Amino acid sequence: MPAGSGGVVEWAGGTYFGRRTQEPDAEMQSALAPDGEVRCGIGPALEPRRFTSMGARLFDLNPVQQQAVLHDEGPILILAGAGTGKTRVITTRIVRLLYDGIDPSAILGVTFTNKAANEMRERLLTMFDPEQARKVTLCTFHSLCVRILRQGIDLLGYKKNFTIFDEGETMGLIKRIITRTAAQDEKLEPNVARSMISKAKNSSWNPQVDTKTLLGAVYARYESELKTLNAVDFDDLLILAVRLLREFPEKREQMQERYQHLLVDEFQDTNLLQLELMTLLAGKRSNVCAVGDDDQSIYGWRGAEVTNILEFESHFPGARVLKLEQNYRSTDAVLQTANAIIKGNVRRRAKQLWSDQGKGERVRVVEMPDDRKESSFVCEEIHHLHQTKQTPLEDFAVLFRTNAQSRGFEEECRRLKLPYRIIGGISFFERREVKDFLAYLQAVANPSDDIHLLRALQVPARGVGQTTVQRALNESIQREVGVIEVFEDLAFRSNCTKRTAGALEMFTDCIRRFEGLFHQPMADLGKLTRELLDESGFFEELRRSCKTEEEADNRERNVRDLIGDLEKYTLKKKGDLAKFLDDISLGDRDTDDTQGNGVTLITLHAAKGLEFPQVYLVGVEEGILPHDRSKMEGSLDEERRLLYVGITRAMKMLTISYCQGRVRYGSAMPCQPSSFLKELPDDHIERTDFHEIRNRQMAPEDVDAGFANFKAFLSGLEG
DNA sequence: AATCGTCTGCTTTTT
DNA sequence: GCAGACGATT
């Protein structure tokens with residue numbers, strides 16, 4: 001059926017026009033009867049079994065959502081404003097395809113985070129026969145690419161057991177290259193180099209690798225060293241997968257045959273390569289269902305291309321475009337505030353969020369004297385609401401632009417004994433013990449993985465120093481063999497000190513022995529891992545290197561948790577060690593997300609996709625939101641979207657605060673309210689300040705105390 | 001190999 | 001003002 005034709009669809013003998021937008025009438029209602037048989041469009045219908053029928057599911061959706069679900073073939077863009085039931089639509093659409101009798105393994109749903117992919121899978125399993133639903137591919141862009149590459153990367157001259165470098169490993173390599181490449185007087189920030197290289201790699205335009213500049217030389221060297229290490233970074237996963245599909249028609253056709261229906265979540269966050277990957281996979285059929293919201297595009301700085309969504313129709317000609325604007329999350333006051341902010345952006349697909357949940361409480365905009373008052377006010381109010389109204393602490397979230405801002409709130413929570421959780425910051429996988437642990441597993445899984453082997457070699461320190469390692473590396477490059485083979489070479493060892501030679505022998509023997517054990521078919525991987533870590537002195541080192549008992553326990557628990565994950569993983573037959581490591585390298589971990597206990601402290605970026613009944617959006621000051629740097633980079637529109645994302649997280653109550661002064665970079669500085677705040681609609685907001693709010697809530701004697709505090713602060717500022 | 005002192009730089013970070 | 005990195009010490 002041609003795209004966008006709003007084709008006629010049969011429902012239990014009745015006729016349903018996919019394009020209609022009005023409420024279901026009586027005729028339709030009977031056609032959509034909850035237990036009715038379902039037959040629509042595309043494939044041979046399946047008999048619905050114990051799951052809610054498709055008809056009933058459709059009945060729960062609003063008219064536009066229904067159209068999104070019922071759209072047949074050809075490209076469709078679903079512009080899903082914040083809180084408009086996007087995930088629901090996407091999962092229901094998959095269910096609908098399944099009901100149509102589409103082969104589950106021909107359906108591919110792509111997301112950006114493992115969390116999103118896993119949540120979608122969970123949801124799908126409750127909606128359709130799990131045995132079938134499980135066969136639907138739901139994964140991240142990166143894990144999709146790994147799947148593609150594990151099968152065909154040899155065509156591009158890599159070995160199939162390539163290693164995936166994470167951010168840290170990438171950085172390490174770049175740093176080493178810079179020190180080796182740069183002349184005495186040359187300087188290059190590894191951070192800068194990394195992001196430039198990543199930009200160059202991602203933006204398909206090949207910036208004529210100019211090896212005359214230091215950056216160019218580092219870039220060229222980085223690429224060639226990755227290749228010799230048989231390693232790929234996160235960018236390469238996309239680049240190589242796209243190259244494979246572009247350059248090898250048989251691969252492309254094979255994939256196009258396999259995946260007949262593509263669904264992409266958070267489309268506004270896709271970059272050029274991700275778009276290209278999708279067009280390559282979609283092929284002529286062009287069955288692409290993209291879901292996203294240009295107003296929530298906040299990852300431009302990471303290469304996301306808003307134009308992918310703004311110009312969707314030019315990438316997928318004939319695309320149908322639907323707008324979801326009915327919001328099921330927030331009150332009208334919140335939504336009007338959000339609408340008012342976002343309409344200041346020019347390049348966007350205009351949307352007006354609305355809800356039928358009533359006006360709700362007005363949005364408070366509070367002026368605070370300084371950042372300390374801000375955090376104490378917010379935390380005390382949360383405390384107060386929790387005590388007097390029994391509002392669960394999980395209902396509250398404090399949203400801020402930069403991680404540094406979390407600190408004051410953290411301290412304040414501690415002072416008040418409010419449980420809290422911080423989202424973001426250093427990720428689990430960046431923890432040293434986790435990386436060391438994974439290095440061991442990777443070394444055992446693939447001893448020719450030099451980088452991880454060398455990392456394992458250093459934990460614990462074995463008396464094999466820089467010079468030995470460097471010598472081994474040189475030799476391994478020269479002889480074109482893995483470092484482990486150099487270590488095992490008696491001639492090489494005879495050139496080391498006795499101590500070093502012994503250590504090398506012990507280490508390589510250990511790795512080799514466990515390599516064999518791990519590859520036995522019925523191996524108990526958990527048990528083996530514990531033996532490996534005991535024998536190698538890993539656990540001992542882990543405890544030894546901690547200052548406090550508590551820290552040691554924490555770190556050991558992290559590692560033991562991961563071993564538990566590995567056990568579960570193999571028990572559930574999800575795959576072998578190599579597959580487990582792939583998943584983990586891409587951050588996919590079966591987290592039993594112990595339902596968040598406490599107040600949530602979170603950055604605006606990390607808050608996207610979440611919702612909270614009570615939201616405090618703090619530090620909304622010129623220079624912070626919008627951030628100073630964004631003005632130089634000309635990304636004010638993205639800052640505005642960031643604010644929009646923050647506002648639309650709130651379900652019932654939203655408080656926006658800014659300070660007259662705050663401590664930044666160590667010294668007290670005056671602040672202006674964010675220029676965005678001028679755009680707020682007066683009829684839905686209430687402007688107030690710290691003192692007014694205090695006077696309203698506090699007993700008089702407390703007010704005096706508060707005032708005394710304030711004076712104390714002022715004198716502190718002057719001193 | 002560990003430790004101490006000095007220097008720097010300071011947004012966000014799905015993979 | 002503080003954390004993290006790096007180089008010079010022992």
Side-chain angles (χ1 to χ4, degrees), chain A residues 110-119 139-146 164-172 175 178-179 187 189-192 194-195 198 202 232-239 241 265-271 273-274 292 296-304 399-407 423-427 429-430 432 458 460-466 541 544-545 582-589 602-610 619 623-633 635 638-639 641-643 645-646 662-669:
Chain A
V110 193
T111 62
F112 275 85
T113 65
N114 295 298
K115 190 163 155 257
N118 291 331
E119 278 170 9
C139 64
T140 63
F141 273 103
H142 289 82
S143 63
L144 173 67
C145 292
V146 171
I164 303 163
F165 270 21
D166 66 21
E167 211 82 20
E169 288 152 347
T170 299
M171 267 299 259
K175 271 185 204 160
I178 289 177
T179 47
K187 255 191 277 176
E189 283 295 318
N191 254 325
V192 176
R194 211 203 67 76
S195 84
S198 177
N202 269 300
V232 300
D233 62 21
F234 283 144
D235 296 328
D236 287 331
L237 290 175
L238 263 331
I239 293 166
D265 195 16
E266 305 281 16
F267 198 79
Q268 76 282 355
D269 292 337
T270 52
N271 63 24
L273 281 162
Q274 286 155 341
Q296 291 184 71
S297 164
I298 55 175
Y299 284 103
W301 53 277
R302 274 197 134 226
L399 274 53
F400 35 80
R401 174 69 231 260
T402 70
N403 280 311
Q405 288 168 262
S406 76
R407 216 169 141 149
I423 303 199
I426 357 131
S427 100
F429 297 100
E430 278 161 31
R432 236 211 10 244
Q458 304 300 139
R462 290 181 166 81
V464 181
Q466 266 298 278
E541 166 68 14
R544 199 195 60 77
S545 64
D582 269 353
D583 281 5
I584 291 287
S585 305
L586 299 177
D588 188 8
R589 200 168 163 240
I602 191 169
T603 61
L604 286 165
H605 282 90
K608 194 181 72 165
L610 304 179
I624 293 185
L625 183 64
H627 197 275
D628 278 330
R629 201 171 220 133
S630 72
K631 288 178 209 164
M632 303 199 285
E633 288 169 9
S635 50
E638 188 151 306
E639 297 291 306
R641 280 181 229 126
L642 212 39
L643 175 57
V645 166
R662 78 165 52 235
V663 179
R664 269 238 268 182
Y665 305 140
S667 46
M669 290 173 51

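Residue numbers start from 1 in every chain, and the chains themselves are labelled A, B, ... in the order their sequence lines are given, proteins ahead of strands. Just so we're clear, the structure is a prediction, and the values are computed from it rather than from any experiment.
With centroids closer than 5.5 Å and planes inclined by less than 30 degrees as the test, A:H627 and the base of B:dT11 pass as a stacked pair. Stacking between A:W301 and the base of B:dT12 is present: ring centres sit under 5.5 Å apart and the planes differ by under 30 degrees.
Toward the 5′ end of DNA chain B lies the nearest nucleotide of A:L642, the other residue of the pair A:H142 and A:L642 mapping further downstream. The residue among A:Q458 and A:Y665 whose nearest nucleotide of DNA chain B lies closer to the 5′ end is A:Q458.
Remark: P of B:dT13 and CG of A:N271 are 18 Å apart, rounded to the nearest angstrom. Atom CE of A:M632 and atom C1' of B:dC10 are 11 Å apart (whole Å). Going from atom OH of A:Y299 over to atom P of B:dT12 covers 11 Å, rounded to whole Å.
Looking at A:D235 and A:S198, their side chains do bring a donor and an acceptor atom within 3.5 Å of each other.
The side chain of A:T402 sits closest to B:dT11 out of C:dC6, B:dT11, B:dT13. Of the candidates B:dT12, B:dT15, C:dC6, B:dT15 carries the atom nearest the A:T140 side chain, counting heavy atoms from C-beta on. When distances run from any side-chain atom of A:T113 to the nucleotides B:dT11, B:dT15, B:dT12, the shortest one goes to B:dT15.
Nucleic acid contact class of A:E167 (heavy atoms, under 4.0 Å, all strands): base. Base engagement by A:D269 is indicated by at least one non-hydrogen atom pair under 4.0 Å involving a base atom.
For the OP1/OP2 pair of B:dT11 and a distance below 4.0 Å, the side-chain nitrogens and oxygens of A:R629 include at least one atom meeting the criterion.
Distance noted for atom P between C:dG4 and B:dT13: 15 Å (whole Å). Of the P atoms belonging to C:dA5 and B:dT12, the separation is 15 Å, rounded to the nearest Å. Separation of the C1' atoms belonging to B:dT11 and C:dC6 is 24 Å when rounded to the nearest angstrom.
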